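Worksheet: the structure to be examined is printed underneath.
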Amino acid sequence: MRWVPVLILIYVLLGIQSGAEPFWTVRGCKPDLGLIAVVFVALNARAQATLAIAMGVGLIQDLLSVHPLGLFALGYVLAAYFLLGLREVVYREHPLTHLSFAFLGELLVIGILMVQGWMHGPVPAARQMLLSAAYTALAGVIILYPLQKSRGIFFQRG
């Protein structure tokens, strides 16, 4: 894995997410570009690097959100671990793979947020969270397809 381009990609995606949030929020739903970055890394990198990236992106996402520190980190690591097990049985360049990986990953993150809400605070609206998962999945197809085509910039061949 080429660390500098991957870190720049993560920086750009998280910057777009935090800066452009008011422009693409639809009825309170917004895509999770941090998770899309984790899905891209999970499709292409080794397991240890994927889990480290997922933890780092999750911690940055925690700092950008109003949730307690560690929720997104835990959710992203669980999603990355789950996706690492599935990536060997799918065609990594197919848009349906991108759609399903982004949707399943976001469902795992939503599950963590829902459990935290049930235990300590207001429970997020399930309908809105599912719509956000669908929005993330659609954004994942749009973002992941060109990234997969240019993955040689981010990862060594072989």
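This one's a predicted model, so the numbers in the text were calculated from it and none came from an experiment. The residues of the chain are indexed from 1 along the displayed sequence.
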Walk me through it: do Y76 and M55 pass the test side chain to side chain contact (heavy atoms under 4.5 Å, CB included)? CA-CA 7 Å; Y76 286 0; M55 176 66 78; over 6 Å; no
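- Side-chain atoms of S132 never come within 3.5 Å of backbone atoms of C29 as a donor-acceptor pair (strictly under, hydrogens ignored).
- Formation of a donor-acceptor pair under 3.5 Å by the E106 side chain with backbone atoms of L35 is not found in this model.
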Quick one: do I153 and R2 satisfy side chain to side chain contact (heavy atoms under 4.5 Å, CB included)? Show the steps, please. CA-CA 8 Å; I153 298 169; R2 296 184 175 116; 5.7 Å; no
With side chain to side chain contact (heavy atoms under 4.5 Å, CB included) as the test, would you mind laying out the steps for L51 and L84 before giving the verdict? CA-CA 9 Å; L51 296 174; L84 283 170; 4.2 Å; yes
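- Among pairs with a residue in residues 122-136, none fulfils salt bridge (Lys or Arg N to Asp or Glu O under 4.0 Å), at least two apart in sequence or across chains.
- The six-membered or imidazole ring of F155 lies near that of F40, with a centre-to-centre distance under 6.0 Å.
- In this structure R151 satisfies the salt bridge (Lys or Arg N to Asp or Glu O under 4.0 Å) test together with E93, sequence neighbours excluded.
- Scanning all heavy atoms of the two residues, the minimum distance from A54 to A80 falls at CB-CB, 3.8 Å.
- A donor-acceptor distance shorter than 3.5 angstrom exists from the side chain of Q156 to the backbone of M1, with no hydrogens or angles considered.
- Within 6.0 Å of CD in Q48 there are 12 or fewer heavy atoms belonging to other residues, nucleotides or ligands.
- When all heavy atoms of G34 and V57 are compared, the closest pair comes out as O-CG1, 3.7 Å.
- Checked by atom type and distance alone, the side chain of R92 never pairs as donor or acceptor with a backbone atom of N44 at under 3.5 Å.
- Nearest heavy atoms, F103 versus A137: CB-CB, 3.8 Å.
- Residue pairs that meet the salt bridge (Lys or Arg N to Asp or Glu O under 4.0 Å) test with at least one member in residues 24-38, sequence neighbours left out, are E21-K30.
- Residues G58 and F72 approach most closely at O-CB, 3.6 Å, considering heavy atoms.
- Taking each heavy atom of L13 and A37 in turn, the nearest pair found is CD1-CB, 3.7 Å.
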List the steps and the verdict of side chain to side chain contact (heavy atoms under 4.5 Å, CB included) for L63 and L69. CA-CA 7 Å; L63 294 174; L69 187 64; 4.1 Å; yes
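- You'll find the side chain of L144 stays beyond 4.5 Å of the side chain of F101, heavy atoms only.
- Atom CD1 of I53 and atom CH2 of W3 lie 4.0 Å apart (nearest 0.5 Å).
- The side chain to side chain contact (heavy atoms under 4.5 Å, CB included) test with L74 singles out one residue from V77, L78, L71, and that residue is L78.
- The CG atom of L33 sits 7.5 Å away from atom CG of L14, with the distance rounded to the nearest 0.5 Å.
- Contact record, H94 with L96: ND1-N, 3.0 Å, taken as the closest heavy-atom pair.
- Both V90 and F82 are assigned to one and the same hydrophobic cluster, defined by single-linkage of ILVMFWY side chains at heavy-atom distances under 4.5 Å.
- With values rounded to the nearest 0.5 angstrom, T97 atom OG1 is found 13.0 Å from R87 atom CZ.
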